[in-house]
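See below for the structure under consideration.
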Amino acid sequence: MTDPNMTAHRATAARRNIHEYLAELEDIPGTRVYTAARARRGYHINQFAMSLMKAENRDRFRADEAAYMNEWPLTDEAKDALKARDYNRLLDLGGNVYFLSKLFSTDGLSFAEAVSTMTDMTFPEYRDMMLNGGRSPIGVRSIKGGY
Amino acid sequence: MARITAGVGSSHVPLLGVAVDQGKTRDDYFGPIFAGYDWTREWEAKEKPDVIVLVYNDHASAFDMKIVPTFAIGCAERYKPADEGWGPRPVPDVEGHADLAWHIAQSLILDDFDMTIINEMDVDHGLTVPLSMMFGTPEKWPVKVVPLAVNVVTYPVPSGNRCWSLGEAIKRAVESFPEDLNVQIWGTGGMSHQLQGPRAGLLNREWDNKFLDLLIGDSDAARWIPHIEYLRETGSEGIEMVMWLIMRGALGHKTRLLHRHYHIPCSNTAIGHIVLEPAD
């Protein structure tokens, strides 16, 4: 849409090169697009998180986090990141935010508060940024392009 | 014959559901958001649609990573609100229109869209929040709903062009249903938002409003917007806007604007809302 050359879009849309498509998805600063590669890597993290939709599982997890996590085929790295609630690390390991949000709710955190922990801001600072119009896309659209 | 009489676009932020359920819709924070839906609530009360084809995405509620359907259509008689970890929303069950849903499913498959058919599922905030925004807090929802769930989480998600074409096929499907039904199609999700990583909190008022502009009139430019542009300009979750293109595609060649609303922020998200009618 910002690109006036719609003909180019049409041509690209007609037959997209999968390698170029996937490479572009890695070109956004501070963002892990939930690609097939991440979905494969994070499968058990996400399925573990999904299990926390059941109240009884939330109770068991809260009572003994390590024991509950041991019931899942999670790597030590994943268990450490989950224990630390290190959400950026969990994204790197293939976690997806909609699945990880089951852990937000288990911890009694609002979505916005949990999201703020992935930024370099405190929650009050993050909330103020949102009230003031949010984060501008300027400078954070492309790693390679730097715009 | 059944006909699509209007299209509605709306964000479906879960916090809006919380505001409705806790009676906070007129406070300082939520008041300006809900005021932008007053027109639509009055209009819906007059329009009295029979069925809504409600395009939304499931947020790890009915579907987990075991099965990821790109396009799935609900053909059940009814759906319960999902427990998303905070307990189910206290809203009425959603009544389906199984006859129309099965008709659309069959018609779409014959039209080269290989739909996944759902006979049982719970519906999450992606579907119930738009109902609350448009109908308030009735004892029973005043419409039947055909849920149409789109994968906008695991990449690649469907292209804007494919979504628009699906909308066109839905229009053909509805118009070949023999019963006289007033059907609306709603596209939900968006607008700009990013819920993950150091770039979280990204919003883009200018881009969002250009996108709304493109839905009005006879342009089909929006169907050609590539995924990477949504990601760069509107945040990783802004990609939900491809679901609005299913709604737009189902309205035919040309649309007329009936109502429009935009507000920043609601939690992490820009709220956008539009009401269109076919103008062919």
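The sequence lines fix the lettering, A, B, ..., with proteins before strands; numbering per chain opens at 1.
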- Does any heavy atom of chain B fall under 4.5 Å from the side chain of A:Met53, the backbone, both, or neither of them? both
- Task: Identify which of A:Pro29, A:Gly134, A:Ser105 forms the greatest number of heavy-atom pairs closer than 4.5 Å to chain B.
- Result: A:Ser105
- Note on the structure: Counting heavy-atom pairs under 4.5 Å with chain A, the top scorer among B:Thr234, B:Leu195, B:Ile239 is B:Leu195
- Out of A:Asn96, A:Leu25, A:Val140, which one racks up the most heavy-atom pairs below 4.5 Å with chain B? A:Val140
- Task: Look at A:Asp27 together with B:Arg232 and state whether they make a salt bridge at an N to O cut-off of under 4.0 Å.
- Result: yes
- Task: State, to 0.1 Å, how close A:Tyr34 and B:Thr154 come at their nearest heavy-atom pair, and which atoms those are.
- Result: CE2-OG1, 3.3 Å
- If you count the non-hydrogen atoms of other residues, nucleotides and ligands that lie under 6.0 Å from CG in B:Asp28, is the total more than 12? no
- Message: Just so I understand: if I count every heavy-atom pair under 4.5 Å between each of B:Gly197, B:Pro265, B:Gly235 and chain A, which residue has the most?
- Response: B:Gly197
- Query: Is the number of heavy atoms from other residues, nucleotides or ligands under 6.0 Å of B:Glu120 CD greater than 12?
  - Reply: no
- Item | Full working for side chain to side chain donor-acceptor pair (under 3.5 Å) between B:Asp58 and A:Tyr98 | CA-CA 9 Å; B:Asp58 179 81; A:Tyr98 290 125; over 6 Å; no
- Query: Between B:His227 and A:Tyr21, how do the two ring planes meet: parallel, tilted or perpendicular, split at 30° and 60°?
  - Reply: perpendicular
- Select one option (side chain, backbone, both, neither) describing which atoms of B:Ser61 are under 4.5 Å from chain A's heavy atoms. both
- Query: Which answer fits A:Leu131, side chain, backbone, both or neither, if we ask what part of it has an atom under 4.5 Å from a heavy atom of chain B?
  - Reply: both
- Task: Heavy-atom distances under 4.5 Å only: say whether A:Met130 touches chain B with side chain, backbone, both or neither.
- Result: both
- Note on the structure: One option among A:Ser110, A:Gly133, A:Ala36 has the most heavy-atom pairs under 4.5 Å with chain B, and it is A:Gly133
- Query: With a 4.5 angstrom heavy-atom cut-off, which part of A:Val97 approaches chain B: side chain, backbone, both or neither?
  - Reply: side chain
- Which pair of non-hydrogen atoms, one from A:Arg16 and one from B:Pro226, has the smallest distance, and what is that distance? NH2-CB, 3.8 Å
- Once you round to the nearest 0.5 Å, how far does OG of A:Ser136 lie from CG of B:Leu202? 7.0 Å
- Message: With heavy-atom distances below 4.5 Å as the criterion, would you say the side chains of B:His59 and A:Phe99 are in contact?
- Response: no
- Relative to chain B, which segment of A:Asp120 carries a heavy atom at a distance below 4.5 Å: side chain, backbone, both, or neither? neither
- Query: Where on A:Arg32 is there a heavy atom nearer than 4.5 Å to chain B: the side chain, the backbone, both, or neither?
  - Reply: both
- Structural part of B:Phe63 lying under 4.5 Å from a heavy atom of chain A: backbone
- Return the option, out of A:Asn46, A:Thr35, A:Leu91, with the maximum number of heavy-atom pairs under 4.5 Å with chain B. A:Leu91
- Query: Backbone N or O of B:Met65 within a donor-acceptor pair of the A:Gln47 side chain at under 3.5 Å?
  - Reply: yes
- Side chain from CB out, backbone as N, CA, C, O: work out which of these in A:Ser142 comes under 4.5 Å of a heavy atom of chain B, or both, or neither. both
- Query: Taking the side chain as C-beta and beyond, is there a heavy-atom pair between B:Val13 and A:Phe111 under 4.5 Å?
  - Reply: no
- In Å and rounded to the nearest 0.5 Å, what is the CG to CE distance from B:Asn268 to A:Met129? 8.5 Å
- Message: Taking B:Leu203's backbone N and O only, do any of them form a donor-acceptor pair with A:Arg135's side chain (distance below 3.5 Å, no angle check)?
- Response: no
- Task: For chain B, find which of A:Glu24, A:Arg141, A:Arg58, A:Arg127 contributes the most heavy-atom pairs closer than 4.5 angstrom.
- Result: A:Arg141
- Task: Step by step, work out the side chain to side chain donor-acceptor pair (under 3.5 Å) result for B:Gln196 and A:Thr31.
- Result: CA-CA 7 Å; B:Gln196 54 124 333; A:Thr31 305; 5.5 Å; no
- Residue A:Lys79 excluded, over 12 heavy atoms near NZ under 6.0 Å: yes
- Task: Check whether A:Tyr87 gets within reach of chain B through its side chain, its backbone, both or neither, counting any heavy atom under 4.5 Å.
- Result: neither
- Query: Are A:Thr119 and B:Pro198 side-chain neighbours, meaning at least one heavy-atom pair lies under 4.5 Å?
  - Reply: no
